[in-house]
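Some notes on the structure that comes next.
Position 1 is the first residue of the sequence; numbering continues from there. Whatever order the structure lists them in is the order used to number ligands and atoms, beginning at 1.
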Amino acid sequence: MPSRPYIVGNWKMNGTRAMLTEARAVGRVAARYPGVAVALAPPFTLIHAMAENVQDIAVGAQDCHVAASGAHTGDVSAPMIWDAGARFTIVGHSERRAKGGLGHGEDDATVRAKAEAALAAELSVIVCVGETEAERDAGKAEKIVASQLAGSLPPLESIGTRLSVAYEPVWAIGTGRVPSVEDVGAMHRAIRERLLEIYGEEGRGVRILYGGSVNAGNAGELLAADEVGGALVGGASLTADSFGAIIYAAQLLLESRRG
Ligand code: 13P
């Protein structure tokens with residue numbers, strides 16, 4: 001974990017204005033632990049209110065369109081997200097990559113175009129990757145993630161210090177199941193190697209987050225795994241109590257490393 005762990009809450013399709021009280025309470029926890037970078041990605045509808053009303057956390061979006069504006073009914077562009085007060089966006093979440101059901105069937109090229117659109121609008125970006133359970137069982141997890149990285153990451157010229165990668169095994173999202181700490185470390189080391197191949201030395205500065213059933217009980221050991229620079233948290237980010245406990249776990253780890 002680098003010196004300033006990044007703990008990001010993804011509210012997914014949850015939250016109305018009543019939940020801003022939770023966000024404010026998260027801000028109060030974040031203010032106590034300035035060594036931990038804290039962020040929340042609420043639905044589009046809450047970005048502006050959260051950015052205006054909550055201190056000490058970064059506010060971001062969960063997706064953006066590839067175009068800056070135009071005839072795309074129902075979509076929201078990166079410059080609009082910035083204008084609403086967001087300073088980062090997630091792209092390529094597995095719930096958007098999913099082909100069946102209510103997924104959006106986004107492929108690597110689309111994810112890369114979204115990441116480029118976000119960076120062009122001055123937003124930071126978190127690009128998500130991760131294998132399905134069948135892919136892991138077939139021994140293909142690292143291969144799948146490597147190919148997602150090769151296809152989804154934006155070009156070196158655009159990234160500056162604004163790119164993070166989130167490793168979210170699809171089978172661990174919302175299931176209460178997490179990979180072993182060894183498996184998390186092995187995948188994060190593999191991702192670092194790919195980043196170095198793709199970006200050269202600049203790849204060392206890209207933060208790699210773990211996501212998938214992170215909670216107060218497992219955050220400490222997951223954050224301590226090799227090359228884990230933070231966490232992308234779904235369900236446990238919806239209350240200040242549970243998200244605050246994860247922020248605190250990051251703080252404890254920082255203190256233990258400082259000795
Ligand atoms: P859960 O923490 O609910 O498993 O969700 C993880 C996730 O998808 C964050 O983007």
Side-chain angles (χ1 to χ4, degrees), residues 5-15 19 22-23 26 37-44 46-47 57-64 81 86 88-99 101-104 106 111 114-115 118 123-133 135-136 141 144-145 148-149 152 163-181 183-184 187-188 191 207-223 225 228-250:
Y6 189 28
I7 307 296
V8 185
N10 172 9
W11 279 11
K12 307 191 179 184
M13 199 171 72
N14 297 290
M19 260 177 74
E22 293 298 325
V26 169
V38 179
L40 282 175
F44 290 131
L46 286 179
I47 288 174
I57 64 171
V59 177
Q62 302 167 15
D63 181 44
C64 68
I81 290 165
F88 74 95
T89 187
I90 298 166
V91 297
H93 193 281
S94 63
E95 288 151 16
R96 299 203 62 89
R97 289 178 182 265
K99 291 191 179 71
L102 297 177
H104 297 262
E106 293 181 4
V111 176
K114 289 185 170 197
L123 295 160
S124 293
V125 68
I126 301 172
V127 177
C128 301
V129 295
E131 82 285 357
T132 63
E133 184 158 37
E135 288 161 349
R136 176 155 287 264
I144 292 291
V145 167
Q148 289 174 337
L149 290 168
S152 317
L163 172 66
S164 302
V165 168
Y167 168 57
E168 299 206 308
V170 178
W171 51 274
I173 294 176
T175 60
R177 294 166 58 209
V178 290
S180 68
V181 172
D183 283 350
V184 170
M187 181 61 87
H188 279 240
I191 292 172
R207 214 190 292 256
I208 312 172
L209 313 178
Y210 170 77
S213 294
V214 177
N215 59 40
N218 61 24
E221 61 174 12
L222 289 166
L223 289 168
V228 173
L232 183 54
V233 184
S237 71
L238 293 173
T239 68
D241 272 359
S242 52
F243 196 49
I246 295 168
I247 297 166
Y248 184 60

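Paired with Glu106 under the rule side chain to side chain donor-acceptor pair (under 3.5 Å), one option of Arg97, Lys114, Lys99 passes, and it is Lys114.
Asp63 places no side-chain N or O within donor-acceptor distance of the main-chain N or O of His93, the cut-off being under 3.5 Å. A distance-only check finds no donor-acceptor pair linking the side chain of Tyr167 to the backbone of Pro169 [under 3.5 Å]. Within the 3.5 Å criterion, the main-chain N or O of Phe88 finds no donor-acceptor partner in the side chain of Ser124.
By the side-chain hydrogen bond (donor to acceptor under 3.5 Å, both in side chains) test, Gln148 is found to be paired with no residue, residues two or more places apart in sequence or in another chain being considered.
Ligand 1 is surrounded by Asn10, Lys12, His93, Glu168, Ala172, Ile173, Gly174, Gly212, Ser213, Leu232, Val233, Gly234, Gly235, each with at least one heavy atom closer than 4.0 Å.
Within 6.0 Å of OH in Tyr248 there are 12 or fewer heavy atoms belonging to other residues, nucleotides or ligands.
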